[in-house]
Amino acid sequence: MSIKTIGTAVESNSKGVQKRINVSAEKLVFDVLQSTQYSTPIASTVRELVTNACDSQREKEIALEILSGKKTVKDYYITRNEEEYKDSNFDPSYYSVDHLADESNVTIQYTERAGIGYCDDFSVTDFGVGLGGTRLEGYLELGFSTKRNTAENFGAFGLGAKVPLSTGVDFYTVETCHNGKLFRFNCYPYKTDFMVNRFEADGYITFSDGTKVYYINSSSKNFTKVSFGVKKHNRHKFAEAVEDQLNYLNNVKFKCVFENGNEMDRSIKSEVLYNSDNLIISNTYAWRKPHILMVKSQGATTGINYGYVDFRELEMEQLWGAVAIKCPARQSYLDENGNEVVLQDGVDVTPSREKVIWNENTKRYIQGAIERAAQDAADVINEQLNEDDFLTWVKKCSEVVYKNNNSNTVLRHLSEMVDKENIKPSFPGNRSITFASPNGILKGYKVRNVSLVYKNGKRIIEREEVGWGQVNWDNLYFVQGNPSATKDRYLMTKGTLTLITEHHPTNVYDDPKVQARIDSINLYRVSNWELFKDSPLVKFDYDEIEVPDGFEETLEKEDENATFKDRYRFMTPEERRALANEVVLYTLRRPHTGDQKYCSNISDWVWDKVEAPLELIQNTDIETFYGTGEDEHLLKLAAVICAPTVPEWVEVYPRFGGYHIFSNTDTSAANQNPVFTEFRPIRFRNDYTGSWENAVNAEPAMVTDIQLFKVSGALSKKLEGSNAKHISEFFSVLHENKWSMHDKVRQWVTGCMVPHIPNWFEKLGEIDPKYTAVLNKLKPYRKYALHRNRYFDSNEEEFQEILTLIKKMHDMQIFLSTEPSEESIAEKSMELFKVADIDCTIMDDDIIQLKDYIDEFIEPLYPLFERISFPLPHYDNDRFWKEIRAYLELKNRHEFNPPL
């Protein structure tokens, strides 16, 4: 990771006795250097082999630049001729441009094979400079390196190439091609066997000890492939080692070949969203906290992931965000006076380069790196806020600096690294303007949102001052003068309406101090107009907007109806009884006594009397269904279906106490006490005094989106052709030109068919966000969790006809999803409906597909996951999740691709 200096400069007055390795202990030293020094052999093997391969690729790139004259040797190398450095000097004779490959990627391949022992195979292939000549001989020696005179490589110790032996294999195999010569050999702990014999060889090279090494002529470009056997139970560990360490190397491909011959690309490179001299921000999900990226030198763009920053060791507060802190390895030596000379500041690592050593040098460097990252964050945010348009700058400030809801993930991760409150952005067009509320930076104007409210039985427009975070930038108008209520109502149809209006305060009491403030505001108004008068975010044509013909008439009708409703809500019983055309209806509610309060059956409802003007029922703007006594079973089934989607009594009348006799039903019921009417039931009226209970003597806090009423035969005739519909229409509609039922029925049937999702499924979101995406997709249906057993599969006789029809439609839809032939469709339709051409839909098609996938996917996971406790989020449980990933891979469930 830097130019490597070997040895120290400390000398004594005499030559002394030179240290050397005892001959009888040579194999012991070999074992230590090749195997036992690694506490994590698999992770170390992956790291060392891949970094060697990347170094070879980089050496090829440098050689081409030097040989072509684009660069000089001094641009990349220093020259040292001491024995320990001479092999690291640049040697142009080693390279043949014609034999250097165009391929720039390093390929990792894990091949699964049937059998026992080391039956699987792991290999790393690079298309760099290859091994040949004296370098091939040196490769077989401990401590040989060609990387000590350049800062462009990861390695320099000359030990990493032997690391496969640490995994327990007897040998590893190397196949390499250098300038047309192909060599193959097996490396054992204490020897090397070359596999090309003299009978098949096209030639040989001679080592310094006279050994002849045979090769085969090859037309292949230079490459080196290192491979060795792996035991089956370590499959997930190798994949894990690749994913954990190499996600910041941009030229590494990872391929898996399964026992059945299928191949899968498991490349894990994180997409870099932001890269500076101090940090990298990526889209990685696995590394959600700041982590150490070991780089060759400060400012490098690639490196090795060395795991999370230990903030406890740093005595700092835990920070978050997928931020890689760039850290080179610290390099230093002692001079002749015993003083440390630092060649490159950075972090200290163990001799095996496996782990970061959390000593004072490391702590000091990482603390400084975090401070530099904070400055990077400030620079990025300021760069994002470099806008010439004032309101565009204000919008970005409100979204990025304070709201933290911007879609830019770079800013999101940076916001978790720094305290954004310390960032005080100033407008590039006028640095004296710093971000503040509308009243603070847009004096002389008011920024207001327009809303429609009900007061005293009337609909009125209110314009309320808001902060920048509440501005609807897509519907923002400037108004000079007084806004128009009608025009505002029209513009509100396009979404929340935000107005910028002039603010002209008055001095009622002729107070000099007040007048001074007013004069100041008037001056600000003039200067602030220049800030936004040309902004593309503001629409300046408010006065020219024409309200369509008929819009005011429609408003008047809506307001009249709303006023009528409000007036009726607040009427006394005497006034209400005096109102003409008042009719009696019965809605449904849950019982509060007896066994029926447990809501175990579809029929567990009671009728609730209400009184309302006939005109309001006929012209209702709420979806309303009615039926007579003959339709009670349909109304009750509709109530069961709709109950989870309408408000409860305590939501409509929040003044009710939790234990009021009418406020709720049994807490274990499948549905709480739903409301199917906008009118107050007369049970809340005191018949003696004629007054309403205080709990309902106010405007309802919520209003149901569907009303269900049982009416008399006479009233039923009056409702024909009105906005109210007969309950039979609830159970028979056309949907996308197919026979179906009401949307709430389709949602209910879908909810009853949603697969059972165990509690541990949510926990797997730590591994893959698609688990969370599935839960979010199914969330609207979870409210029907108890309905399948209680209601959908009910045996109550009076409901069987319609439930059977629903189930037949479900069966037909499932059958149609298999894409059968037209003849099969006709046969199935005849079987179910006695008609040959039924095309129906009763549930969401995408949920059908998702259900089939989830049921099959999670089935083999139940035996273990139902019996273990998953940890709480936001704790360091990396080892636990690694084991979970390993188990998922064992069960062939490591790839989760639901049809979302």
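Throughout, residue positions are numbered sequentially from 1 according to the sequence presented.
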Check against ring-ring contact (aromatic ring centres under 6.0 Å, His included), Trp748 and Phe792: CA-CA 9 Å; Trp748 180 68; Phe792 188 83; 5.7 Å; yes
Parallel, tilted or perpendicular: ring planes of Phe761 versus Phe896, cut at 30 and 60 degrees: perpendicular
Pair Glu175 + Arg184: basic N to acidic O under 4.0 Å: yes
ring-ring contact (aromatic ring centres under 6.0 Å, His included) between Phe870 and Phe880, intermediate numbers included: CA-CA 9 Å; Phe870 285 79; Phe880 175 86; 5.7 Å; yes
Residue pair Asn186, Tyr172: steps toward the side-chain hydrogen bond (donor to acceptor under 3.5 Å, both in side chains) verdict: CA-CA 6 Å; Asn186 292 333; Tyr172 60 92; over 6 Å; no
Check: His894/Tyr887 side-chain N/O donor and acceptor closer than 3.5 Å: no
Under-4.0 Å salt bridge between Asp811 and Lys828: no
Exercise: do Thr176 and Thr224 side chains pair donor with acceptor under 3.5 Å: yes
Rounded distance [0.5 Å steps], CG in Asn234 versus CD in Glu240: 11.0 Å
Heavy-atom closest pair, residues Ser56 and Gly128: OG-CA, 3.3 Å
Gln109-Thr111 side chain donor-acceptor pair, cut-off 3.5 Å: yes
Nearest heavy atoms of Tyr862 and Pro758, plus distance in Å: OH-CD, 3.6 Å
Test item: side-chain donor near acceptor, Glu112 and Asn260, under 3.5 Å: no
Pair Asp793 + Arg788, salt bridge at N-O below 4.0 Å: yes
Note: Glu856-Arg893 ion pair, threshold 4.0 Å (strictly below): yes
side-chain hydrogen bond (donor to acceptor under 3.5 Å, both in side chains) involving Lys744 - partner list, sequence neighbours excluded: Thr645, Asp705
Test salt bridge (Lys or Arg N to Asp or Glu O under 4.0 Å) applied to Lys891 - qualifying residues, sequence neighbours left out: none
Test salt bridge (Lys or Arg N to Asp or Glu O under 4.0 Å) applied to Asp855 - qualifying residues, sequence neighbours left out: Lys851
Pairing of Glu103 and Lys253 as salt bridge, 4.0 angstrom limit: no
Modelled atom types, side-chain donor and acceptor of Asp120 and Tyr110, under 3.5 Å: yes
Pair Asp846-Lys777, salt bridge (charged side-chain N to carboxylate O under 4.0 Å, His left out): steps then yes or no: CA-CA 10 Å; Asp846 55 343; Lys777 187 175 182 67; 2.9 Å; yes
Aromatic ring proximity Trp760/Tyr771, centre distance under 6.0 Å: no
Pairing of Arg266 and Glu243 as salt bridge, 4.0 angstrom limit: yes
Donor + acceptor pair across side chains of Tyr781, Asp844 (<3.5 Å): yes
Salt bridge present between Arg235 and Glu889 (N-O < 4.0 angstrom): no
Ser104 side chain to Asn251 side chain, donor-acceptor N/O pair below 3.5 angstrom: no
